[in-house]
Amino acid sequence: MSMLCKLVVLVMVIAMLVDVSQGQALVPAVIIFGDSVMDVGNNNHLLTLVKANFPPYGRDYTHHNPTGRFCNGKLASDFTVENLGFDSYPPAYLSKEAIGSHLLNGTNFASAASGYLDSTSKLYSAISLSQQLKYYKEYQEKVTKMVGKKNASDIFTGALYLLSEGSSDYIQNYYINPLLYKLFTPDQFADLLLHSFTSFIQDLYKLGARRIGVTSLPPLGCLPAAVTLFGEGANQCVKRLNNDAILFNKKINNTAKSLTKKHSDLKLVIFDIYSPLLDLIKHPEQNGFFEARKACCGTGTIETSLLCNEHALGTCANATSYVFWDSVHPTEATNKFLSDNLLSQGIDLIS
């Protein structure tokens, strides 16, 4: 990015923050779809083993209680909502908080272990992306009954939509499922996921969405669990997995460009989390971190979900210098770092 472009972005970010400081939210609502990096408690209400509603999850969150977030504190999406000027977060759609006026500022359908493929979600009894879309249609009906068709339409078209999927499709399905990795090359598997992505975006567009932000895949081979499971004893990022993420990210960017050409009024931004997270992992000390190979919870090499519990031996006392909270998910400090990076990338969505 040229210096002039950086200055323009900086000016726009400052202008945004001025609006926020004056109590003006930059969008009428935030609607969230996705997996564990976005889930704020939907899986608490499911018969699934993939949960985070117990200590030490949430130990650095408000009131130091677990909420179902796969983190010690706030998610990147929480910081994003704050940056947009909201003083509360979109509630988990299956929670008791998702009623009445609480829905007018948006809601969260994300479910840990869901993926672009419904088959990924079924493996872990998570809410599939297609079911999340059905819930969104229910949500639209509820909002329309509260505020009327015209006002509801304004909310739906003006809202910011966030989507994070794909990691579970690879880590929790493709790499461990011979029915997939023997049948599809990484290139073919990426195309399979992008078929689902394209259908989802087009369905969401038909329902009124015009501002959609989608996260890229992270450097999959650098997740502590991936290094442990697929690193063959080496204590470094697994190049093969990172290459798969790079391939997918190139394809999803090209797909997004095709979709915006097809729909001239659609703003669709693919947030690059691969580059900033990889840089943080390779050079943690340059950003105030010191540990990027091991996570805070337990041994930091394999623990996530049920394995990351209050009896997990070795859990760090202070997570602020760790890149990862458990073996798959970032710490609150990393989420803050990523959300600040995404703020400049998402200018087009709110301008």
Side-chain angles (χ1 to χ4, degrees), residues 33-39 43 46-50 70 109-134 163-204 214-234 236-259 270 272-274 277-278 302 304-305 307 327-329:
F33 302 89
D35 53 21
S36 57
V37 299
M38 296 284 199
D39 189 352
N43 275 31
L46 304 178
L47 290 174
T48 176
L49 295 177
V50 187
F70 284 73
F109 303 99
S111 174
S114 74
Y116 283 117
L117 298 182
D118 282 1
S119 60
T120 299
S121 308
K122 289 178 182 177
L123 286 173
Y124 302 94
S125 300
I127 307 170
S128 66
L129 194 55
S130 60
Q131 180 59 50
Q132 291 181 39
L133 191 67
K134 291 178 182 178
L163 170 65
S164 174
E165 291 282 22
S167 294
S168 295
D169 291 302
Y170 281 91
I171 298 294
Q172 294 171 265
N173 196 356
Y174 181 66
Y175 293 137
I176 62 173
N177 187 348
L179 294 177
L180 287 178
Y181 66 70
K182 289 185 177 180
L183 185 61
F184 299 100
T185 65
D187 186 78
Q188 292 170 331
F189 187 68
D191 287 340
L192 187 65
L193 300 187
L194 288 166
H195 177 75
S196 176
F197 165 76
T198 300
S199 296
F200 177 79
I201 296 298
Q202 292 188 144
D203 287 342
L204 203 55
V214 182
T215 61
S216 71
L217 284 181
L220 296 172
C222 297
L223 304 180
V227 175
T228 301
L229 294 172
F230 307 109
E232 299 179 347
Q236 56 190 3
C237 297
V238 184
K239 188 176 181 180
R240 171 175 64 90
L241 273 60
N242 278 356
N243 286 340
D244 290 346
I246 291 171
L247 173 67
F248 177 86
N249 290 341
K250 288 180 179 177
K251 285 177 174 286
I252 198 172
N253 273 285
N254 289 334
T255 303
K257 289 177 183 177
S258 297
L259 286 166
I270 305 299
D272 174 23
I273 64 170
Y274 183 99
L277 185 54
L278 182 63
I302 197 66
T304 187
S305 192
L307 294 178
S327 65
V328 175
H329 304 97

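- Of the possible donor and acceptor atoms, one in the side chain of Thr48 sits under 3.5 Å from a partner among the backbone N and O of Tyr124.
- Judged purely by atom type and a 3.5 angstrom limit, Ser258 uses its side chain to pair as donor or acceptor with the backbone of Asn254.
- Under the 4.5 Å side-chain criterion, counting only non-hydrogen atoms from C-beta, Asp244 is not in contact with Leu217.
- Note: Phe200 and Phe33 have perpendicular aromatic rings, judged against thresholds of 30 and 60 degrees for the angle between ring planes.
- Using modelled atom types, one finds no donor on one side chain facing an acceptor on the other under 3.5 Å when comparing Ser128 with Ser121.
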* Asked: Please walk me through it: do Tyr274 and Ile246 pass side-chain contact (heavy atoms from CB on, under 4.5 Å)?
  -> CA-CA 8 Å; Tyr274 183 99; Ile246 291 171; 3.5 Å; yes

* Asked: Where do Val328 and Val37 land on the side-chain contact (heavy atoms from CB on, under 4.5 Å) test, with the steps shown first?
  -> CA-CA 9 Å; Val328 175; Val37 299; over 6 Å; no

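- Side-chain polar atoms of Ser168 and Asp35 form no donor-acceptor pair below 3.5 angstrom.
- In terms of modelled atom types and a separation under 3.5 Å, the side chain of Ser305 and the main chain of Leu49 share a donor-acceptor contact.
- Put simply, the side chain of Asp169 never gets that close to the backbone of Gly115: no donor and acceptor are under 3.5 Å apart.
- Relative ring orientation between Phe197 and Tyr116 is described as perpendicular, the plane-to-plane angle rising above 60° on a 0-90° scale split at 30° and 60°.
- Within the 4.5 Å cutoff, the side chain of Phe189 has heavy atoms near those of the Leu180 side chain.
- Taking 4.5 Å as the limit, some side-chain heavy atom of Thr255 sits within range of a side-chain heavy atom of Leu259.
- A donor-acceptor pair under 3.5 Å is formed between the side chain of Asn249 and the backbone N or O of Ala245.
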* To do: Mind running side-chain contact (heavy atoms from CB on, under 4.5 Å) on Phe248 and Leu194 for me, showing each step along the way?
  => CA-CA 8 Å; Phe248 177 86; Leu194 288 166; 4.0 Å; yes

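- Between the side chains of Ser114 and Glu165, at least one donor N or O sits under 3.5 Å from an acceptor N or O.
- Checking side-chain atoms of Gln172 against main-chain N and O of Thr120 turns up no donor-acceptor pair under 3.5 Å.
- Under the 30°/60° scheme for interplanar angles, the aromatic rings of His329 and Phe70 are found to be tilted.
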